[in-house]
Amino acid sequence: MIDNNKAAGPLDDLDEWEDDLKKRYPKPGVPFNPIDPEKTEDKFRDYKAEVRPTVKEFYRLNHTQQTVDFVRRKRQEYIGLNHRRMGIWEAMEYLNTLVDDSDPDTNLPQIEHLLQTSEAIRRDGHPRWFILAGLMHDLGKILCLWDEPQWAVVGDTFPVGCAYSPTIVFSEFFQANPDVNDSRYSTKLGIYQEGCGLDNVMMSWGHDEYLYHVTKNYLPEPALYMLRYHSCYPIHREGAYQYLMTDHDREMFEWVKAFNKYDLYTKSHERPDITKLRPFYEDLIGEFFPAKIDW
Ligand SMILES: [Fe+2]
Ligand SMILES: [Fe+2]
């Protein structure tokens, strides 16, 4: 199995960031870690003291290097979608080649996280496009297979080109981001207008924004919001950056919030039966997508 993930560091694998999210945002009233029920919500009050050094270093790299220039470069490189042509299921299998499965007790392959998310959405009786959004939401992580560093693929996302929100995890690391000392980018609104709408805002580069551009001609708008902003914890969990948003953004973010609980809290050790589930999902994919699309 390809181990690009580890080589890029500092995280042992991409899931380490998502595990960290569950420490920051434990499921209300339920022990964070089903394997260790002693680790209840209360025990994670002192989040910063307990964060793993690799995760902290990951946030430092992310916050210091996600600049306006960096994001513009990545958008130019990827938004033209000229890297590959493949179908959705094919992309899931491609993403799975990324997984470092050295710790099978806690690290399920990416494809299983996608299916656990979509199956939980399906069990709750949500519309078919919602189930499909669950199935696809992390496919943008294939950026790692094209040698993008972890800090440019995963991590909480946030607007660039304006002042950072102090609600962003480890926001003190932004002090070493060159944009903080650039007068164009360091005011509250920076390069934006009040209420301009998130579609006019450049988010830090990662798997969310990339996947939005891959799928924007195929999925309904609430699904696109889920894909594009599911890592934007500063907005959907902390309520920051309201001054950049429209009422329509706020309405759509109700979907992003509805999606988030499936993303964070459906990982389990019950492994989905991929062969059995595949026909249902191939049908669902076929309702919205042609056999191959541009990536
Ligand atoms: Fe994600
Ligand atoms: Fe996810």
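For ligands, and for the atoms within them, numbers begin at 1 and follow the listed sequence. Here the structure is a predicted model, which is why all the values come from computation and not from measurement.
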- If you leave out waters, which protein N, O or S atoms are less than 2.8 Å from the Fe ion (ligand 2)? His113 NE2, His137 NE2, Asp138 OD2, Asp263 OD1
- Does the distance from a Lys or Arg side-chain N to an Asp or Glu carboxylate O, for Glu90 and Lys292, drop under 4.0 Å? yes
- Query: Hey, does the Lys NZ or Arg CZ of Lys22 hover above the aromatic six-ring of Tyr265, less than 6.0 Å from the centre and inside 45° of the axis?
  - Reply: no
- Task: Would you please indicate yes or no on a ring centroid separation below 6.0 angstrom for Tyr218 and Phe289?
- Result: yes
Report all side-chain donor-acceptor pairs from residues 274-281 shorter than 3.5 Å, counting only partners two or more places apart or in another chain.
from, atom 1, to, atom 2, distance (Å)
Arg278, NE, Glu282, OE2, 2.9
Arg278, NH1, Glu93, OE2, 3.4
Arg278, NH2, Glu282, OE2, 2.9
Tyr281, OH, Ser118, OG, 3.0
Tyr281, OH, Glu119, OE2, 2.6

- Looking at Tyr94, is Arg84 sitting on its ring face, NZ or CZ under 6.0 Å from the six-membered ring centre and within 45 degrees of the normal? yes
- Query: Hey, is Lys141 close enough to Glu18 for a salt bridge, meaning N to O under 4.0 Å?
  - Reply: yes
